[in-house]
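In what follows, a structure is listed as structure tokens, so that the remarks can point back to it.
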Amino acid sequence: MLDVKYIREHPDEVARALETRGGAESVQQLLGLDADRRRRVTAVEALKAERNKVTAEIAQAKRRGESPTEEMARMRTLGDEIKEMDAAISGVERGMEAILLQLPNLPHPSVPVGRAEDNQEVRRWGAPRQFPFDPKPHWEVGERLGILDFERAAKLAKSRFTVLWGAGARLERALAQFMLDLHTREHGYREVWVPHLVNAETMQGTGQLPKFEDQLFRTLEAEGGRPLYLIPTAEVPVTALHAGEILKEQELPKRYVAFTPCYRREAGAAGQDTRGMIRQHQFDKVELVKVTTPATSYDELEAMVGNAEEVLKRLELPYRVVLLATGDTGFASAKTYDLEVWLPGQGKYREISSCSNCEAFQARRAEIRYRPASGGKAEFAHTLNGSGLAVGRSLIAVLENCQEADGSVTIPPALRPYLDGLERITPGS
RNA sequence: GGAGGGGUGGCCGAGCGGUUGAAGGCGCCGGUCUUGAAAACCGGAAUCCCGCAAGGGAUCGGGGGUUCGAAUCCCUCCCCCUCCGCCA
């Protein structure tokens, strides 16, 4: 959520910044409501001041044993008037809120303006392996090994689900544990285990609601009409851990890592990545989340990208880092780097991580603040999140990059300790 | 699911119709003392909104109501705790 005060003071700048992000057209409407609201607030507060004054006088009079019935009657009508005006103000505020919740974050000045084709490649690591044979897509590799089973997954649920058998299931688990160990032991993150079902307020805090409800799985309504939603990423519950809290600057930055499944409707993705397990309704992810001060958040973003890159380096998987342009950057983010891993079966780089600095956008929605060490007033924190990494896509990357001519897959050495030293997946393993 | 108790400032906790934005404690900031620190003592500090300012308004889980006036009374919703039942 953006700061209304900031929009009021920099309307042109905000409208311009939102041009490639959407929502620029509602800035004027918002400012109109804002002006209306302030006019009404000023008026009603004058009446409230009057009521408070007279009420105190009535209290005095009562203490003297008098009964100022005239004043009391006057205050009764004044009270009704105030109630009406307050209701009108609430209406205006709801209108403002509705707009504010739909406005995306403002991009950082370093972000290229434009659409996806304006994304900038920042760096590459590792050279795609030269195959003496035609590398297969992961679904062929996996099905031949008997570790990926899309048919049975569709039988159990529907399309866009996968069953992992034997070494495939173990590989998924090994990848997750390898990543968790790396981030907790070497990168200074604290592991946290969180609910996979969260309420609407939590979803609103990180920006999933109200705008992206169609992307979420919602459970049947609980009593009182308060549904729970399956998390589309651990970013949601982990960022919200400190919702409504005032942290001490001394305890920042908070660095958390969580391993959770992620559930996504993938509405609107019909026809995209229908084969294989690139785009699933359910996938595992190791997620990194940071809560920092504004002064350090961009250093922390660079560090987080480096932490995610380290996973790929140790797995010896070639990748590139891409700085997303304004139009491709997510709703809540001010600046996002994607990590794209090389998939030889598809002959292209595919997203395997996305690291974002949301600045105060989520903190404002979820009321995550910190008290400066100097003891001043509480400020909104900055929140960051990044995949470190998407586990399912990591498994895909291993299958495609490490496949051999005979159909087996060589396990990257960094992963072998997590698989009892297993070096190779062969059919039937 | 049944019965009961409770949600107050950064935290703990008093208040149960009118000088209460809210006692007290802890923690925090500044000072005195000290070579330094601790202790002790003194002082300071809630958040948001409107306003150029002076100043004003709102906020005691959320919403609604009663009243001239609500943290205090009533209704409703949410959440937490205790005991019982059920259960991985």
Side-chain angles (χ1 to χ4, degrees), chain A residues 1-9 30-97 100 193-205 209 219-229 237 240-252 254 291 293 360 363-381:
Chain A
M1 190 154 63
L2 301 178
D3 182 3
V4 192
K5 208 181 298 173
Y6 187 86
I7 299 176
R8 188 155 71 214
E9 286 160 9
L30 178 72
L31 290 176
L33 291 173
D34 178 52
D36 185 30
R37 175 184 166 275
R38 284 185 294 155
R39 215 170 14 249
R40 291 172 186 271
V41 165
T42 305
V44 77
E45 284 186 355
L47 298 189
K48 285 181 180 176
E50 167 75 0
R51 178 176 66 182
N52 288 346
K53 193 180 118 225
V54 175
T55 284
E57 288 166 6
I58 291 172
Q60 292 285 328
K62 286 261 188 183
R63 230 168 282 145
R64 288 192 302 266
E66 301 164 13
S67 184
T69 48
E70 216 173 282
E71 301 299 276
M72 284 162 64
R74 214 178 99 228
M75 287 307 104
R76 197 195 323 265
T77 40
L78 186 66
D80 291 342
E81 235 178 291
I82 288 172
K83 197 172 293 181
E84 269 176 47
M85 292 169 79
D86 272 341
I89 289 169
S90 298
V92 175
E93 286 178 343
R94 273 194 299 275
M96 292 175 66
E97 171 109 334
L100 277 170
W193 187 90
V194 291
H196 301 166
L197 290 166
V198 300
N199 59 35
E201 293 80 71
T202 298
M203 282 293 181
Q204 183 171 302
L209 289 179
T219 62
L220 288 176
E221 297 196 352
E223 310 168 61
R226 291 170 52 81
L228 294 172
Y229 298 84
L241 283 171
H242 295 298
E245 297 183 11
I246 299 179
L247 304 163
K248 293 177 181 161
E249 182 174 359
Q250 296 88 321
E251 57 187 351
L252 300 180
K254 298 279 194 188
V291 181
T293 62
R364 207 171 280 120
R365 288 177 165 236
E367 288 195 88
I368 304 167
R369 291 175 292 174
Y370 72 95
R371 180 148 344 257
S374 58
K377 60 179 241 177
E379 309 272 0
F380 287 115

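All of these numbers come straight from a predicted model, not from anything done at the bench. Quick note on labels: first sequence line is chain A, next is B, and so on, each numbered from 1. Only this structure's heavy atoms are used, side chains among them; waters, hydrogens and symmetry mates stay out.
Residue Arg40(A) contributes atom CZ, which lies 17 Å from atom C1' of C49(B) at whole-angstrom precision. To the nearest angstrom, P of C48(B) lies 18 Å from CZ of Arg38(A). When rounded to the nearest whole Å, the span between CD of Glu249(A) and C1' of C29(B) equals 14 Å. One atom, CD of Glu245(A), and another, P of G10(B), lie 12 Å apart when rounded to the nearest Å. Protein atom CG of Leu247(A) is 15 Å distant from nucleotide atom C1' of C28(B), rounded to whole Å. The CZ atom of Arg364(A) sits 11 Å away from the P atom of C49(B) (whole-angstrom rounding). Atom P of nucleotide C49(B) and atom CD of Glu97(A) are separated by 14 Å, given to the nearest angstrom. Across the protein-nucleic acid pair, Lys377(A) atom NZ and A45(B) atom C1' stand 14 Å apart, rounded to whole Å.
Between C83(B) and C77(B), the two P atoms lie 26 Å apart (nearest whole Å). With P as the reference atom, C60(B) and U72(B) are 8 Å apart, rounded to whole Å. Taking atom C1' in both C84(B) and A14(B), one finds a spacing of 33 Å when rounded to whole Å. On the C1' atoms, C68(B) is 35 Å away from G5(B), given to the nearest whole Å. Taking atom P on both C42(B) and C26(B), the two are 12 Å apart, rounded to the nearest angstrom. Comparing the same atom, C1', in G25(B) and in G64(B) gives a spacing of 36 Å after rounding to whole Å. C16(B) and G7(B): their C1' atoms are spaced 15 Å apart (whole Å). For the C1' atoms, the distance from G10(B) to G36(B) is 29 Å, rounded to whole Å.
Annotation: side-chain contact (heavy atoms from CB on, under 4.5 Å) contacts of Lys248(A) (sequence neighbours excluded): Gln250(A), Glu251(A). Every residue two or more places apart in sequence or in another chain that forms a side-chain contact (heavy atoms from CB on, under 4.5 Å) with Glu249(A) is listed here: Thr293(A), Tyr370(A), Pro372(A), Ala373(A). Residues passing the side-chain hydrogen bond (donor to acceptor under 3.5 Å, both in side chains) test with Glu84(A): none are found, sequence neighbours excluded. Scored by the side-chain contact (heavy atoms from CB on, under 4.5 Å) test, Asp36(A) finds Arg39(A), Arg40(A), Val92(A) as partners (sequence neighbours excluded).
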(request) Give the dot-bracket string for RNA chain B, reading 5' to 3', where a pair is Watson-Crick or G-U wobble with both distances under 3.5 Å, ( ) marks pairs inside the strand, [ ] marks pairs crossing earlier ones, | marks a partner on another strand, and . marks unpaired. (result) ((((((((.[[[..)..(.....]]].(((((.......))))).(((((....))))).[[[[[..)....]]]]])))))))....
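Side-chain nitrogen and oxygen atoms of Arg63(A) include none within less than 4.0 Å of the OP1 or OP2 phosphate oxygen of G18(B). Arg371(A) has a side-chain polar atom (N or O) that falls below the 4.0 Å cut-off from OP1 or OP2 of U47(B).
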(message) Does the protein touch nucleotides 56-68 of chain B at the base, only the backbone, or not at all? Give it as B, S and - per nucleotide, heavy atoms under 4.0 Å.
(response) BSS-------S-B
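Projected onto RNA chain B by closest heavy-atom contact, Ile246(A) and Thr42(A) fall at different nucleotides, the more 5' of which corresponds to Ile246(A).
Nearest heavy-atom pair across Ala43(A) and Met85(A) is CB-CE, 3.8 Å. When all heavy atoms of Val198(A) and Met203(A) are compared, the closest pair comes out as CG2-CE, 3.6 Å.
When each of Val4(A), Asp3(A), Leu33(A) is checked for a side-chain contact (heavy atoms from CB on, under 4.5 Å) with Leu100(A), only Val4(A) meets the rule.
From Leu247(A), atom CG reaches atom CD1 of Ile368(A) across 8.0 Å, with rounding to the nearest 0.5 Å. Here the CG-CE distance, from Asn52(A) to Met75(A), works out to 10.0 Å after rounding to the nearest 0.5 Å. Note that OG1 of Thr219(A) is 4.5 Å distant from CG of Leu228(A), once rounded to the nearest 0.5 Å.
Few gaps surround CD on Glu66(A); more than 12 heavy atoms of other groups in view lie less than 6.0 Å from it.
No engagement by Arg64(A) is indicated, since no non-hydrogen atom pair under 4.0 Å with the nucleic acid exists. Here Arg369(A) lies in heavy-atom contact (under 4.0 Å) with sugar-phosphate atoms only.
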